[in-house]
**Q** 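Dropping the structure in here first, questions after.
Nothing here was measured: the structure is a model prediction, and the numbers come from that model. Throughout, a chain's letter reflects where its sequence line sits, starting with A, and its residues are numbered from 1.
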2 protein chains.
Amino acid sequence: MLDGKRDALVTREKLVVAAVSLILRHGYHATGVEAICAEAGVTKGAFFHHFQNKDELGLAVIQWWSAMGTSFYSKAWADETADPLDQLDATLDIMEGFASRPDEPCICCIGMMAQELATTHPEIRASCGREFEVWTRNIAALLQKAKERRKPLREFDPEQVAWFLHSIWQGSMLLAKTRGEQTLILNNLKQARAYVHSFFRAKPSAPHRGTKAQRR
Amino acid sequence: MLDGKRDALVTREKLVVAAVSLILRHGYHATGVEAICAEAGVTKGAFFHHFQNKDELGLAVIQWWSAMGTSFYSKAWADETADPLDQLDATLDIMEGFASRPDEPCICCIGMMAQELATTHPEIRASCGREFEVWTRNIAALLQKAKERRKPLREFDPEQVAWFLHSIWQGSMLLAKTRGEQTLILNNLKQARAYVHSFFRAKPSAPHRGTKAQRR
DNA sequence: TCAAGCATACCAACCGGTATGGATGTTTGT
DNA sequence: ACAAACATCCATACCGGTTGGTATGCTTGA
């Protein structure tokens, strides 16, 4: 029975989700195993049945967050035939939407774990690096396609620009944490969008709809 | 006697410096009070004589790092009569130099603490925010001056651009932590420099010396 | 002489992790 | 078909080590 009282996969998922929620709020070290179990509604017996130790859960958390992120951007990335510049705009729209959710902080679980654990936990550092590359490669691919279709106004390296955009994104979330509001992120995204557009001739068709996805 | 065996200010400074060093390597929570004392060559008696608790030391660490940072940029910011755009370039040169130190990671203590403690420690969050603003205000002031002296090619808000640059800086250091090398930071700084220059007409005088401060 | 500065010893709380046994679903023997 | 046997799943209880923090008293400089 899939929805029976006892399902290992469900329990495991509950633990990972609980860990994500707590790590986002308190960070990795400040989140105890018992606190995760309490949030998930299980006990330590279940925890150490699914994970050898806390760090192994950390790796699962990173993968879970990355998978969630990829599905989060799927609307912008899925259509292979779409205009790549439109896809980049759609990506930025999604990011704006993520930063515009009321009463929800705009933070990245992987960014937090990378900051806290990169120097001490080599495996977690490597995992964070891999998942960072997933996002960046997707952006770089769109930039590459855009570069091929429309001749850019000036030369640029898609990969480097993608890392540049990712840095803006992570840095924005970091700086915004110290302030009450998230307009900083939205302002940065606007500049990032303009930066991307600056490589290409303005499109005559789309009248640049500006900021979308504000306040549901 | 200032250089006597016993000097409260020196001891306090040793504790703060030791804490900075350890926090940069292991993060805040993973850095124990006893470890800090060992690194500083004192005991817990000294620690809790100077700081009521660990968080109070955290605040001192933030202020220490901010002060060090400001003096770090003093060469670029001190001269009131200099050309503001040159000052911005000098600032980016210093940042490139910071990212080019061999075998030294390019990381920010305040960025790390903000990421780890912003949601749980309101006072530390506020302190990080204040020190972030110090850097940003300096950059914004230079951009403002540059905007006044030479008419920019297009309109921009100095404060928003300054936060944008700060985000790039913090995000670059964060992403670079997950990789072995720091060329990512240098590439981002190049794009940031080009972005700043894109607001102004190219200067005929300075032939744009490119990347400086590589490998001593 | 006296307070500031600091070392020593100590503590309750909490941490990640383990040992053990019971509950549950699945497979197997007949 | 049905129970026995089994492996998976998870709860309970427990543990050694570490944590931030304290109580106390010696030492040093003024």
Side-chain angles (χ1 to χ4, degrees), chain A residues 1-23 25-62 112-113 116-117 120-124, chain B residues 1-23 25-62 112-113 116-117 120-124:
Chain A
M1 291 300 126
L2 278 179
D3 55 349
K5 278 194 67 206
R6 192 175 246 198
D7 186 334
L9 290 178
V10 168
T11 304
R12 194 191 137 99
E13 175 87 0
K14 278 199 288 187
L15 281 167
V16 173
V17 170
V20 168
S21 170
L22 290 175
I23 291 174
R25 269 180 280 170
H26 308 137
Y28 183 78
H29 280 118
T31 299
V33 171
E34 276 177 313
I36 296 170
C37 295
E39 178 88 5
V42 298
T43 62
K44 285 215 275 192
F47 185 99
F48 286 101
H49 174 74
H50 287 282
F51 307 100
Q52 284 189 22
N53 48 41
K54 191 186 172 186
D55 290 350
E56 197 173 292
L57 167 83
L59 293 172
V61 162
I62 293 167
M112 289 180 64
M113 292 184 66
E116 193 173 347
L117 308 168
T120 51
H121 295 59
E123 292 195 1
I124 288 184
Chain B
M1 291 298 125
L2 278 179
D3 55 349
K5 278 195 65 210
R6 195 173 246 200
D7 186 333
L9 291 177
V10 168
T11 304
R12 195 192 136 99
E13 175 86 359
K14 278 199 288 188
L15 280 167
V16 173
V17 170
V20 168
S21 169
L22 290 175
I23 291 173
R25 267 179 282 170
H26 308 137
Y28 183 79
H29 279 120
T31 298
V33 171
E34 277 177 312
I36 295 170
C37 294
E39 177 90 3
V42 297
T43 62
K44 285 214 275 190
F47 185 98
F48 286 101
H49 174 74
H50 287 283
F51 306 100
Q52 285 189 21
N53 48 43
K54 191 185 173 186
D55 290 351
E56 198 174 291
L57 168 82
L59 293 172
V61 163
I62 292 167
M112 290 181 64
M113 292 183 66
E116 192 173 347
L117 308 168
T120 51
H121 295 60
E123 291 195 2
I124 288 184

**Q** What is the distance from CD of A:Glu56 to P of C:dG16, rounded to the nearest Å?
**A**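 It is 15 Å, rounded to the nearest whole Å.
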**Q** Phosphate oxygens OP1/OP2 of C:dG5: is one of them under 4.0 Å from a side-chain N or O of B:His49?
**A**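 Indeed, a polar side-chain atom of B:His49 lies that close.
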**Q** Between N or O atoms, less than 3.5 Å apart, protein on one side and nucleotides 24-27 of chain D on the other: list the pairs.
**A**
unit_1: D:dT27; atom_1: O2; unit_2: B:Arg6; atom_2: NH1; d: 2.7

**Q** For the pair made of CG in B:Asn53 and C1' in D:dG21, what is the distance, rounded to whole Å?
**A**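 The distance from CG of B:Asn53 to C1' of D:dG21 comes to 9 Å, rounded to the nearest Å.
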**Q** In whole angstrom, give the distance that lies between atom CZ of A:Phe51 and atom P of C:dT18.
**A**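 After rounding, the reported distance stands at 15 Å.
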**Q** Take atom CG of A:Leu9 and atom C1' of D:dT8, then tell me their distance rounded to the nearest Å.
**A**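 The distance from CG of A:Leu9 to C1' of D:dT8 comes to 12 Å, rounded to the nearest Å.
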**Q** At what distance, to the nearest 0.5 angstrom, does CD of B:Glu39 lie from CD1 of B:Ile36?
**A**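 One gets 9.5 Å once the value is rounded to the nearest 0.5 Å.
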**Q** Quick one: on DNA chain C, does A:Phe48 or A:Ala30 contact a more 5' nucleotide (nearest heavy atom)?
**A**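 Mapping each residue to its closest nucleotide by heavy atoms, the 5'-most match is A:Ala30.
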**Q** So how far is it from A:Leu9 CG to A:His50 NE2, rounded to the nearest 0.5 Å?
**A**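 A:Leu9 atom CG to A:His50 atom NE2 measures 8.0 Å (nearest 0.5 Å).
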**Q** Whether A:Thr11 contacts D:dC10 is assessed here as follows: a side-chain N or O lying under 4.0 Å from the phosphate OP1 or OP2. Is that the case?
**A**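 True: A:Thr11 side-chain N/O within range (under 4.0 Å) of D:dC10 OP1/OP2.
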**Q** Taking only residues two or more places apart in sequence or in another chain, which ones pass side chain to side chain donor-acceptor pair (under 3.5 Å) with B:Glu13?
**A**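 Once residues adjacent in sequence are excluded, the partners of B:Glu13 under the side chain to side chain donor-acceptor pair (under 3.5 Å) criterion are B:Trp64.
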**Q** Check nucleotides 11-13 of chain D against the protein and report each pair of N or O atoms closer than 3.5 Å, with its distance, or say if there are none.
**A**
unit_1: D:dA11; atom_1: OP2; unit_2: A:Thr43; atom_2: N; d: 3.0
unit_1: D:dA11; atom_1: OP2; unit_2: A:Thr43; atom_2: OG1; d: 2.7
unit_1: D:dA11; atom_1: O5'; unit_2: A:Thr43; atom_2: OG1; d: 3.3

**Q** To the nearest 0.5 angstrom, please state how far the CD1 atom of B:Ile124 sits from the CD atom of B:Glu56.
**A**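 That separation rounds to 10.5 Å.
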**Q** Restricting to pairs with a member in residues 25-34 of chain B, which pass side-chain hydrogen bond (donor to acceptor under 3.5 Å, both in side chains), not counting sequence neighbours?
**A**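 Sorted result for residues 25-34 of chain B: B:Ser21-B:Arg25, B:Tyr28-B:Asp55, B:His29-B:Glu116.
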**Q** Go nucleotide by nucleotide along DNA chain C from the 5' end; which of B:Glu34 and B:Arg12 gets its closest nucleotide reached first?
**A**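 The answer here is B:Arg12.
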**Q** Given atom CD1 of B:Ile36 and atom C1' of D:dT19, what is their separation to the nearest angstrom?
**A**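 Spelled out: CD1 on B:Ile36 to C1' on D:dT19 is 12 Å.
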**Q** The side chain of B:Lys54 lies closest to which of these nucleotides: D:dG20, C:dG16, D:dC10?
**A**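 Of all the options, the side chain of B:Lys54 is nearest to D:dG20.
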**Q** Does D:dC10 have its OP1 or OP2 closer than 4.0 Å to a side-chain nitrogen or oxygen of A:His50?
**A**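 Checking A:His50 against D:dC10: at least one side-chain N or O falls below 4.0 Å of OP1 or OP2.
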**Q** Over how many whole Å does the gap from A:Asp7 atom CG to C:dT24 atom C1' extend?
**A**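 Taking CG of A:Asp7 and C1' of C:dT24, I get 12 Å after rounding.
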**Q** Taking ring pair (Phe, Tyr, Trp, His ring centres under 6.0 Å) as the test, write out the residues that go with B:Phe51, two or more places apart.
**A**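 Per chain and number, B:Phe51 pairs via ring pair (Phe, Tyr, Trp, His ring centres under 6.0 Å) with B:Phe47.
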